[in-house]
K.L.:
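The structure follows.
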There are 2 protein chains.
Amino acid sequence: MLSQRARYALRALCFLAGREDPRPAAIVDIAEASAAPRKFLEAILLELKRHQILVSSRGRFGGYLLARSPEEISFADVIRALDGPLALAPCASKTAFRPCEACPGITDCPVHPALVAAREAVAGVLEGWSLSRAIGPLGAEILQAK
Amino acid sequence: MLSQRARYALRALCFLAGREDPRPAAIVDIAEASAAPRKFLEAILLELKRHQILVSSRGRFGGYLLARSPEEISFADVIRALDGPLALAPCASKTAFRPCEACPGITDCPVHPALVAAREAVAGVLEGWSLSRAIGPLGAEILQAK
DNA sequence: TTTAACTCTATCGATTTAGTGGGAAATTGA
DNA sequence: TCAATTTCCCACTAAATCGATAGAGTTAAA
């Protein structure tokens, strides 16, 4: 299960991906759009910035913008930034591999191959799922039509 | 990430699947084989029994047996029994669907389709991955050869 | 009736999670 | 320069979860 943080993050990023305004969006507006508590979202956006998914500017008219185009930000990027590896166990992770303690070892563990297969399956989906795909091919046009 | 409970469970079940002895296995032996603390494993096996993955007999020479053949027990069964739904969010679960609060709704949520796709991917793998597959086609023979 | 096993409930400490609060730093506009 | 606005950073709390342990109770075979 995703954490609440990751869910807020995905909603917030979809909102940002759908905006056509080139000026940065303030936390307050993002919080309203993604139905997240303002202060809580603050920490989330900061984390996304640390992972180079967002860029920010301070002061008046400051706020957040996507660090790159929505096609180049995948759900996998976002979830990894907030919840860590996609894998079901550290020993099955590609981005944060760590052997499990008290295990016969990678080659002998009967559980390991299944976890690797599961990780590959979910990573295959989420790495290919970008923000632009999430808001749909019509996402931008719909907003523009308003 | 899987809980430690689920990991112990998978190891324990693989051990049971590889045994050729028709008599039930005692907790102590299962604990040793799966490198799990005895009392902790106790609760896990009980949970697996509640989910009809194991059957038990009490008293002297009592213990646990698989409730059905190893081909008919999937990793998905085990993980669902101990960690709950495979989905990344309740709204994407097939076995325990629940709409997320403060969400535009299934049809309008831009995040939902990705979570459903991820769930289908991981369920596809884990539902098709049985204990017998985990211990390998040679699993039984190897044990017999000893 | 003893003994070896499962069953059940309660509890504990550490960690994580969700969320809040206050203030410092930066930027803009007057 | 000053005031307003906005991000940034730190500390903190309450509740839940997780991994694990303890102990009393129940069952069944020898």
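To find a chain, count down the sequence lines: A is the first, B the second, and so on, and within it residues start at 1.
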K.L.:
Side-chain N or O of S56(B) versus OP1/OP2 of dT7(C): is the shortest distance under 4.0 Å?
P.N.:
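Answer yes for this pair, as a side-chain N or O of S56(B) is under 4.0 Å from OP1 or OP2.
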K.L.:
Look at all strands and tell whether G62(B) reaches a base, only sugar-phosphate, or nothing, counting heavy atoms closer than 4.0 Å.
P.N.:
sugar-phosphate
K.L.:
Contact class for I27(A) (heavy atom, under 4.0 Å): base, sugar-phosphate, or nothing?
P.N.:
sugar-phosphate
K.L.:
Between I30(B) (CD1) and dA4(C) (P), how many Å, whole number?
P.N.:
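I30(B) atom CD1 is separated from dA4(C) atom P by 18 Å.
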K.L.:
When Y64(A) is tested against each of I53(A), V55(A), L46(A) for side chain to side chain contact (heavy atoms under 4.5 Å, CB included), which residue passes?
P.N.:
L46(A)
K.L.:
Is it true that D29(A) and R19(A) make a salt bridge, defined as a side-chain N closer than 4.0 Å to a carboxylate O?
P.N.:
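Here D29(A) does not pair with R19(A) in a salt bridge, since their nearest N and O are not under 4.0 Å apart.
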K.L.:
Please evaluate the base of dC6(C) for a donor-acceptor partner in the side chain of E42(B) within a cut-off of under 3.5 Å?
P.N.:
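No pair found.
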K.L.:
Of the nucleotides dT20(C), dA30(D), dA18(C), which has the atom closest to the K39(A) side chain?
P.N.:
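So the side chain of K39(A) is nearest to dT20(C).
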K.L.:
Could you state whether L65(B) and L16(B) fall into the same hydrophobic cluster, counting links through intermediate Ile, Leu, Val, Met, Phe, Trp or Tyr residues with side-chain heavy atoms under 4.5 angstrom apart?
P.N.:
no
K.L.:
Just to confirm, is there a sub-4.0 Å distance from OP1 or OP2 of dC8(D) to any side-chain nitrogen or oxygen of K49(A)?
P.N.:
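Yes, K49(A) has a side-chain N/O under 4.0 Å of OP1/OP2 on dC8(D).
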K.L.:
Write down the distance between CD (Q4(B)) and P (dT17(D)), rounded to a whole number of angstrom.
P.N.:
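Taking CD of Q4(B) and P of dT17(D), I get 18 Å after rounding.
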K.L.:
Could you check R58(A) against R38(A) and say which one's nearest nucleotide on DNA chain C is further toward the 5' end?
P.N.:
R38(A)
K.L.:
For L48(B), run the side chain to side chain contact (heavy atoms under 4.5 Å, CB included) check against L13(B), D77(B), L66(B) and tell me which one passes.
P.N.:
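Output: one option passes, namely L13(B).
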K.L.:
What nucleotide, of dA20(D), dA29(D), dA22(D), holds the atom closest to the side chain of R60(B)?
P.N.:
dA29(D)
